[in-house]
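A short write-up of the structure that comes next.
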Amino acid sequence: MSEEKSLNFIEEIVEADLAAGKYPSITTRFPPEPNGYLHIGHAKSICLNFGLAKKYGGKTNLRFDDTNPVTEDTEYVESIKNDVKWLGFEWAAELYASDYFEQLYAFAMQLVEKGLAYVDDSTSEEIAAQKGTPTQSGTRNKYADRTVAENVQLFADMKSGKYADGEKVLRVKIDMASPNMLLRDPIIYRIKHAHHHRTGDKWCVYPMYDFAHGQSDSIEKITHSICTLEFVPHRPLYDWCIDQLGTFPSKQYEFARLNMTYTVMSKRKLLQLVNENMVNGWDDPRMSTISGMRRRGYPAASIREFCDRIGIAKRDNLIDVGLLEFCVREELNKIALRRMVVFDPLKVVITNYDKVEEILTSENNPEDEHGGVREIPFSKELYIERDDFMEVPAKKYFRLAPGQMVRLKSAYIIKCDDVVKDADGNITEVHCSYIPESRSGADTSGINVKGTLHWVSAQHAINAEIRLYDRLFNVEDVANAEGDFKSYINPNSLQIVHNAFAEPQLAKDEHQQPFQFLRKGYFVLDRDTNTNQLVFNRTVTLKDAWAKEVKKS
RNA sequence: UGCCUGAUAGUAUAAUGGUAGUACGACUGUUUUUGGUGCAGUUUGUCUUGGUUCGAAUCCAGGUCGGGCAACCA
């Protein structure tokens, strides 16, 4: 009965390798550079790498690719660890490319000794010029002719700090005429007299990605080194280094990175948004970062589900952010506690209500039969949402209007009898009468109404601040839109409701959990909450068929 | 005018020479004390031209279009 879910192309490779007995078990790695916060694109890679190991009984390392000391920081290391954990994954080992600096240096020296690497004194401009162009071969300079002994000495001197930044580099000797630019004697070591967040000032030479990454994979005996498509042309170099050094034959496979509508996914751009205060930090709820989504209230499970649904392939893609939101709603619908909050209040007076108050109950979650109920006070004066009343109702509007009846959720059916206005003609309150025998759970009125509204008792309501988020950008394909991406920022991506009225239960609730504010959306408490003010973030709206109807006409 | 890589509904993704399927979206109906949820249904697709074959999304050849590659970044 269990329908076989078809495999993606990487799973097929893994299964074939395992079936052929190529490896006893697989090892993958997630290798971020600690130079920024993780985003939803990284989540795709995390789910892939950790998911593969989990599915096939292997293991996954968390390896920081910290080979460029000037961009990296421990703040990023900590955030990355935190995000991976929060997503629900456990790494077999926490490792750093910088742990291998000694070994990597020795590997490079081996290449020097084999006559496969040489020290070049050219400037970066000269090296670039000598590289040629995609259609034109490069040329080798005189430094390529240095003897092995000379290169050994010079490389050792580079390491010992004899030279300044940029004075010399170590290059690997491959083919200056290769149609693959990356094979034209690529640089594998450069001099940087910079403080490294882990090795301090111990080193002044640092390996380049192409050398460090493959060899780090080899050291860890990574069987399947999975990266994104832009590294495809690097693969021959990856293989070349492993071949020449005879290290563990890790294999690189590439998949298409995630692109999503209405957002940006590059660390450079995200950093720019943070630095230029277009958002409030890396974990701003509008950001595509894992930390932003967490603060916004996206459950980890829904991010995993999303990554699972989008699949793994090699085709460039632009995924509708609506799919992520669908996954978030799907998860939250199952677990969110229902509460009532009125954002834009309109006073309703129940003219025929004689009691002081009464306590009603309402289910915490209709999707969860064991979810229980909470108590809600009802009284003569209530607040409803201002747009749940129309003096002159539109077609198919089945909320409150003069002479029209609605159900107040978990309470009574009311009928609008009168509208009170101020001197300027603004509606200040609505007078209604209630049907005493229509109380929820004990309704003997026999009346059926089409609309059900959320409400709060005016005297019992508590105040809350609600932050409503919308997409950060107002074009679908931000990365490919013309001009500066920042010119497409949605000026209304954050709207704040300062004085929302919430049912009193919300003051007592456990605040780690997600809520659904009835008919408004899913919300989660923000860390800006303090002793005299609750602050909520809107995670995502509910689907709104009426809004769509209104938009159509 | 080089090399690499890709192309299946609006968006993703599957079918690995044998009935083009799934999800999201859209639309319809239904249920509902959330215009939410659930349920049922409808809709739209193999880039192109030729070839191989009983049979092609799949194999072959040409074309078209997209993406990547000339950092002492990763």
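Throughout, a chain's letter reflects where its sequence line sits, starting with A, and its residues are numbered from 1.
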Using the rule side-chain hydrogen bond (donor to acceptor under 3.5 Å, both in side chains), only one of H370(A), R339(A), R374(A) pairs with N364(A); which is it? R339(A)

Between E230(A) and R257(A), does a salt bridge (Lys or Arg N to Asp or Glu O under 4.0 Å) hold up when you go through it step by step? CA-CA 9 Å; E230(A) 66 268 29; R257(A) 70 173 335 127; 2.6 Å; yes

Results of side chain to side chain donor-acceptor pair (under 3.5 Å) for E325(A) - residues two or more places apart only: R471(A)

Distance, P atom - from C69(B) to A74(B), rounded to whole angstrom: 15 Å

So if I define the base as every atom that isn't primed, P, OP1 or OP2, how would nucleotides 64-74 of chain B read as a B/S/- string at a heavy-atom cutoff under 4.0 Å? --BS-SB-BSB

Taking atom C1' in both G25(B) and G67(B), what distance in whole Å separates the two? 25 Å

Could you tell me how far C47(B) sits from U64(B) if I compare only their C1' atoms? Round to whole Å. 7 Å

Please confirm whether K168(A) makes a cation-pi placement over Y163(A), using NZ or CZ under 6.0 Å from the six-membered ring centre and within 45° of the ring normal. yes

For K415(A), I'd like to know if atom NZ has over 12 heavy atoms of other residues, nucleotides or ligands within 6.0 Å. no

Name the nucleic acid region contacted by I312(A), choosing base, sugar-phosphate or nothing; use a 4.0 angstrom heavy-atom cut-off, strictly under. sugar-phosphate

Would you kindly give the CG-to-C1' distance between D477(A) and A12(B), to the nearest whole Å? 15 Å

Contact string for nucleotides 32-46 of chain B, one letter per nucleotide 5' to 3', B = base within protein heavy-atom range under 4.0 Å, S = sugar-phosphate only, - = neither, reads -BBBBS---------

Between P on G10(B) and CG on N317(A), what's the gap in Å once rounded to a whole number? 17 Å

Please lay out, stage by stage, how I242(A) and Q215(A) fare under the test side-chain contact (heavy atoms from CB on, under 4.5 Å). CA-CA 7 Å; I242(A) 286 175; Q215(A) 289 313 307; 3.7 Å; yes

Span that lies between the P atom of G18(B) and that of U31(B), in whole angstrom: 45 Å

Whole-Å gap separating C1' (A12(B)) and CD (E476(A)): 13 Å

Between E331(A) and Y522(A), do the side chains contain a donor N or O and an acceptor N or O under 3.5 Å apart? no

Can you list the steps and then say if V169(A) with I127(A) is a side-chain contact (heavy atoms from CB on, under 4.5 Å)? CA-CA 10 Å; V169(A) 292; I127(A) 289 176; 3.9 Å; yes

Taking atom P in both U5(B) and G62(B), what distance in whole Å separates the two? 15 Å

Can you list the stems that include RNA chain B, where a stem is three or more consecutive Watson-Crick or G-U pairs with distances under 3.5 Å? B:2-7 with B:64-69, B:10-13 with B:21-24, B:26-30 with B:38-42, B:47-51 with B:59-63

Non-neighbouring partners of F501(A) that pass ring-ring contact (aromatic ring centres under 6.0 Å, His included), sequence neighbours left out: Y383(A)

K551(A) NZ to A26(B) P, in whole Å, measures 10 Å

Is the count of non-hydrogen atoms from other residues, nucleotides or ligands lying under 6.0 Å from K450(A) atom NZ greater than 12? no

What interatomic distance, in whole Å, is found between P of G29(B) and the corresponding atom of G36(B)? 13 Å

Work out how far the P atom of C39(B) is from that of U22(B), and round it to whole angstrom. 15 Å

Assess the residue pair N141(A) and D120(A) against the criterion (side chain to side chain donor-acceptor pair (under 3.5 Å)); give the C-alpha distance rounded to whole Å, side-chain angles, the decisive distance to 0.1 Å, and a yes or no. CA-CA 9 Å; N141(A) 60 38; D120(A) 192 326; 2.9 Å; yes

When the C1' atoms of U44(B) and A26(B) are compared, how many Å lie between them, rounded to an integer? 10 Å

What is the distance, to the nearest angstrom, from the CD1 atom on I310(A) to the C1' atom on U22(B)? 16 Å

Partners passing salt bridge (charged side-chain N to carboxylate O under 4.0 Å, His left out) against R198(A) (at least two apart in sequence or in another chain): D99(A)

Whole-Å distance separating the CG atom of L48(A) from the P atom of U13(B): 13 Å

To the nearest Å, how far apart are R235(A) CZ and C3(B) C1'? 13 Å

Round to the nearest Å and state the distance from R309(A) atom CZ to C24(B) atom P. 6 Å

